[in-house]
Amino acid sequence: SRTPVNNALSILANEGYLDLVHHQGYTVHKITKEEAESLYEIRGIIELGCVSSVIRKLTPEKLEALEQKKRLYEKAVVDQVSRGRFTLDQEFHAFFIQISDILYLPDYFRDIYQRIFLRHPLEGLNTRRPRDVVLEHQGIFEAISVRDVEATKQSIKTHIKNGKEYIFSIIFD
């Protein structure tokens with residue numbers, strides 16, 4: 001019926017995913033540059049803020065699981081998967097954050113990530129960036145595997161900066 005659909009649309013609008021256009025209905029919210037800047041700032045705070053905890057709580061099993069997430073993304077790049085690749089990237093980072101054992105933080109990260117990428121058009125994506133992401137993930141993974149907090153933070157900063165520049169060049173240029 002219409003009621004649950006309208007309720008769902010209202011929830012999505014309240015969460016910032018949709019805009020209500022009076023007398024027309026809902027449209028997908030177009031992210032502003034200011035919103036994107038804030039979302040990337042929050043993403044950096046989340047990922048960089050948990051690095052020390054991740055390194056402390058890292059086990060061989062967790063490292064192996066993180067490597068598996070990294071490999072799934074690599075396979076998607078080889079197979080030229082488009083939208084699903086964003087989910088695999090998200091899960092690599094969310095699992096990294098999950099290792100910290102900070103409750104709710106992976107969920108907050110997923111929310112921030114989705115606020116950026118659910119509004120991202122697939123048209124105009126260049127094929128070079130996914131290969132760069134593979135290399136950047138490898139750098140993050142290697143720094144984590146040798147338990148180097150500073151190298152991990154630097155790899156994450158570089159990865160976020162490169163991703164932000166890429167997304168901004170598509171959305172705002």
Side-chain angles (χ1 to χ4, degrees), residues 11-12 15-18 28-33 35-51 53-55 57-58 61-145 152-172:
I11 290 168
L12 289 170
E15 291 180 358
Y17 291 100
L18 298 176
V28 174
H29 177 74
K30 289 186 173 72
I31 192 167
T32 67
K33 192 168 188 176
E35 288 172 315
E37 290 276 358
S38 293
L39 291 169
Y40 271 100
E41 183 77 21
I42 295 166
R43 179 183 175 180
I45 290 168
I46 290 172
E47 289 195 67
L48 295 170
C50 71
V51 169
S53 183
V54 167
I55 299 294
K57 296 182 179 188
L58 188 65
E61 296 78 22
K62 290 176 182 177
L63 185 63
E64 186 177 319
L66 182 64
E67 184 172 28
Q68 181 60 32
K69 302 279 186 195
K70 180 179 73 71
R71 285 188 187 142
L72 287 171
Y73 181 87
E74 291 167 358
K75 183 178 180 330
V77 170
V78 170
D79 294 346
Q80 297 183 337
V81 174
S82 55
R83 181 64 72 187
R85 197 175 61 238
F86 290 108
T87 302
L88 295 171
D89 180 57
Q90 171 187 284
E91 288 311 305
F92 171 79
H93 292 276
F95 186 77
F96 158 77
I97 294 164
Q98 184 179 326
I99 294 171
S100 73
D101 289 333
I102 301 171
L103 292 178
Y104 310 114
L105 204 55
D107 295 329
Y108 291 135
F109 168 80
R110 284 183 184 97
D111 181 55
I112 296 303
Y113 190 98
Q114 290 172 7
R115 287 178 184 274
I116 297 167
F117 290 101
L118 285 180
R119 300 173 185 136
H120 182 291
L122 289 177
E123 303 78 36
L125 293 178
N126 101 23
T127 57
R128 179 75 194 135
R129 180 69 192 140
R131 291 188 298 253
D132 292 343
V133 170
V134 167
L135 297 174
E136 292 165 10
H137 282 180
Q138 183 62 32
I140 294 168
F141 179 79
E142 287 172 4
I144 291 168
S145 66
T152 301
K153 285 182 177 182
Q154 188 55 51
S155 294
I156 290 170
K157 282 180 191 175
T158 299
H159 179 58
I160 292 172
K161 178 183 142 304
N162 292 344
K164 178 182 170 184
E165 288 173 358
Y166 172 68
I167 295 302
F168 277 42
S169 73
I170 292 170
I171 296 176
F172 302 116

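As a basis for the values below, the full set of heavy atoms in this structure was taken, side chains included, without hydrogen atoms, waters or symmetry mates. Start at 1 with the first residue, then count along the sequence.
- Between the side chain of Tyr113 and the main chain of Phe86, a donor-acceptor pair closer than 3.5 Å is present.
- Comment: Glu136 engages Arg129 in a salt bridge, judged by a side-chain N to carboxylate O separation of less than 4.0 angstrom.
- Within the model, atoms CG of Leu63 and CD of Gln68 stand 12.0 Å from one another, a figure rounded to the nearest 0.5 Å.
- The two residues Leu39 and Ile112 make their nearest non-hydrogen contact at O-CG2, 3.3 Å.
- With rounding to the nearest 0.5 angstrom, the CG atom of Leu135 is 9.0 Å from the CD atom of Glu74.
- Counting non-hydrogen atoms of neighbouring residues, nucleotides and ligands closer than 6.0 angstrom, the CD atom of Glu41 reaches no more than 12 such neighbours.
- For Ser169 (side chain) and Tyr166 (main-chain N/O), a donor-acceptor pair under 3.5 Å exists by modelled atom type.
- Leu66 CG to Lys62 NZ: the interatomic distance, rounded to the nearest 0.5 Å, is 11.5 Å.
- When side chains are defined from C-beta on, Gln138 counts as touching Glu142, because their heavy atoms get closer than 4.5 Å.
- Side-chain contact check for Asp89 versus Val133: some heavy-atom pair is nearer than 4.5 Å.
- Counting non-hydrogen atoms of neighbouring residues, nucleotides and ligands closer than 6.0 angstrom, the CD atom of Glu165 exceeds 12 such neighbours.
- Here Ile167 contributes atom CD1 and Tyr40 contributes atom OH; the two are 4.5 Å apart, rounded to the nearest 0.5 Å.
- Remark: Thr87 OG1 to Tyr73 OH distance equals 11.0 Å, nearest 0.5 Å.
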Distance-only criterion, 3.5 Å: show the donor-acceptor pairs between side-chain atoms of residues 104-111 and protein atoms not counting sequence neighbours.
unit_1, atom_1, unit_2, atom_2, d
Asp107, OD1, Arg110, NH1, 3.4
Arg110, NE, Glu91, OE2, 2.8
Arg110, NH2, Glu91, OE1, 2.8
Asp111, OD1, Tyr17, OH, 3.1
Asp111, OD1, Arg115, NE, 3.4
Asp111, OD2, Arg115, NE, 3.1

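- In terms of heavy atoms, Arg85 sits closest to Ala76 at CG-CB, 4.3 Å.
- Atom SG of Cys50 is separated from atom NZ of Lys153 by 10.0 Å, given to the nearest 0.5 angstrom.
- Ring geometry for His93 against His159 counts as parallel: the plane angle stays under 30°, on a 0 to 90° scale with 60° as the upper cut.
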Go through the steps for Thr152 and Ile55 under the test side chain to side chain contact (heavy atoms under 4.5 Å, CB included), then give the verdict.
CA-CA 9 Å; Thr152 301; Ile55 299 294; 4.1 Å; yes
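- In this structure the side chain of Lys69 never reaches within 4.5 angstrom of the side chain of Leu88, judged on heavy atoms.
- By the 4.5 Å heavy-atom criterion applied to side chains, Ile46 and Ile97 are counted as neighbours.
- Annotation: Lys75, atom NZ; neighbour count of heavy atoms from other residues, nucleotides and ligands within 6.0 Å does not exceed 12.
- What you find for Ile160 and Gly44 is that their closest heavy atoms are CD1-CA, 3.7 Å.
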